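Notes to accompany the following structure.
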Amino acid sequence: MWKSYISDDWPGYSLDLFTYPQHYYGDLDYVLIPHGIIVDRIERLAKDIMQDIGYNDIVVLCVLKGGYKFCADLVEHIKNLSRNSERFISMKVDFVRLKSYCNDQSMQDTQIIGGEDFSELTGKNVLIVEDIVGTGKTMKALLNNIEKYKPKMVKVTSLLLKRTSQPDGYRPDYYGFEIPNLFVVGYALDYNEYFRDLNHICVINNHGKAKYRV
């Protein structure tokens, strides 16, 4: 299996190998993906996206809040590649917010906040940047909303693709890592707004869930 596939029996990295905010001591099980590996993988994703959709004007639609770090790093890598390449992507970045979790449970309905004016996407090439795709229900809801406005092209990139009990579920066009069905935090992924300031992607433990439950 290719290197960005993280198997169910992967033990991760010991927290002792890394520095991380002291206020999260005792709240995490282990590091699933260290920050350096995340950054390297995003650089490769940027290259793949450039090869596929270079020579285009793109509207990058960043899904908040969890996607903001991934989006910022991905856009920066694409810009750097554009400067040093014959292929060029002109990008405008816009934002939409989706709410689909309470604590660690997926909610029945996805709330789309700030997507009232998708009419600006009509006839445009759209790259949706998301932090994590699980069942795909949230992404399908967003795509259904956007497609009403007839964009020219829509591609989806997600930093993480979570293996769920629905093996035939939605898969994005590009993704960084395929991970087990774990609740992960860090690199802007949160648990009730906590852990966004953690650089590495980590697995939260039961103590952390109880501590920050709402």
Side-chain angles (χ1 to χ4, degrees), residues 1-46 62-77 97-107 129-139 156-166 169-172 174-214:
M1 206 42 94
W2 59 308
K3 64 181 179 181
S4 63
Y5 178 96
I6 298 174
S7 64
D8 287 354
D9 57 1
W10 166 242
Y13 298 90
S14 167
L15 291 158
D16 296 339
L17 296 171
F18 303 93
T19 57
Y20 63 101
Q22 198 168 345
H23 48 268
Y24 296 137
Y25 284 17
D27 301 332
L28 303 165
D29 266 343
Y30 56 88
V31 175
L32 185 69
I33 313 170
H35 182 252
I37 294 175
I38 298 168
V39 173
D40 284 354
R41 180 71 186 121
I42 293 171
E43 191 170 2
R44 178 60 210 225
L45 278 177
C62 173
V63 179
L64 296 174
K65 295 181 183 176
Y68 78 85
K69 274 180 84 70
F70 174 41
C71 185
D73 286 351
L74 182 68
V75 166
E76 196 57 38
H77 281 307
R97 188 173 169 201
L98 304 180
K99 188 162 174 57
S100 58
Y101 270 86
C102 180
N103 295 316
D104 60 349
Q105 297 302 307
S106 181
M107 296 190 303
V129 180
E130 171 70 293
D131 55 351
I132 187 165
V133 169
T135 62
K137 188 179 74 172
T138 302
M139 184 51 65
V156 177
T157 179
S158 179
L159 179 61
L160 304 176
L161 175 63
K162 188 189 286 192
R163 285 191 297 281
T164 65
S165 55
Q166 300 176 342
Y170 174 82
R171 291 176 83 85
Y174 313 94
Y175 58 90
F177 302 91
E178 183 174 323
I179 67 169
N181 192 8
L182 299 164
F183 196 91
V184 292
V185 293
Y187 195 72
L189 283 84
D190 76 306
Y191 176 80
N192 294 329
E193 298 299 326
Y194 291 92
F195 301 100
R196 293 198 196 276
D197 54 338
L198 185 62
N199 272 340
H200 315 292
I201 291 176
C202 300
V203 176
I204 186 173
N205 62 22
N206 288 332
H207 176 269
K209 286 180 185 177
K211 182 174 168 184
Y212 298 112
R213 192 175 297 279
V214 292

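Here the structure is a predicted model, which means the values were calculated and not measured.
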So [Y] and [X], do their side chains get closer than 4.5 Å, heavy atoms only?
X	Y	answer
Ile38	Lys69	no
Val156	Met139	yes
Ile179	Ile132	yes
Phe195	Leu189	no
Ile204	Tyr194	no
Tyr30	Val203	yes
Phe18	Asn199	no
Ile201	Leu159	yes

inquiry  = Can you tell me how the ring of Tyr20 sits relative to the ring of Tyr25, calling it parallel under 30°, perpendicular over 60° and tilted otherwise?
reply    = tilted

inquiry  = Ring-plane angle category for Phe183 and Tyr191, please: parallel below 30°, perpendicular beyond 60°, tilted otherwise.
reply    = perpendicular

Mark yes or no for whether [X], through its side chain, and [Y], through its backbone, hold a donor-acceptor pair below 3.5 Å.
X	Y	result
His200	His35	yes
Asn205	Gly26	yes
Lys162	Leu182	yes
Asn192	Tyr212	yes
Arg163	Ile6	yes

Atom pair [atom1]/[atom2] of [X] and [Y] - distance to nearest 0.5 Å:
X	Y	atom1	atom2	answer
Cys71	Leu64	SG	CG	8.5 Å
His23	Asp197	NE2	CG	4.0 Å
Ile33	Tyr13	CD1	OH	9.0 Å

Could you report the tightest heavy-atom contact between [X] and [Y], atom names first, then the distance?
X	Y	value
Arg41	Ser4	NE-CB, 3.6 Å
Ala46	His77	CB-CB, 3.5 Å
Pro172	Leu161	CD-CD1, 3.8 Å
Leu160	Ser158	O-OG, 2.7 Å

key: Lys/Arg N to Asp/Glu carboxylate O, Lys211 vs Asp27, below 4.0 Å   =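 Here Lys211 pairs with Asp27 in a salt bridge, since their nearest N and O are under 4.0 Å apart.
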
message = Applying side chain to side chain contact (heavy atoms under 4.5 Å, CB included) to Tyr187 and Asp73, what does each step give before you reach the verdict?
response = CA-CA 11 Å; Tyr187 195 72; Asp73 286 351; 2.5 Å; yes

message = Assess the residue pair Phe177 and Ile37 against the criterion (side chain to side chain contact (heavy atoms under 4.5 Å, CB included)); give the C-alpha distance rounded to whole Å, side-chain angles, the decisive distance to 0.1 Å, and a yes or no.
response = CA-CA 10 Å; Phe177 302 91; Ile37 294 175; 3.8 Å; yes

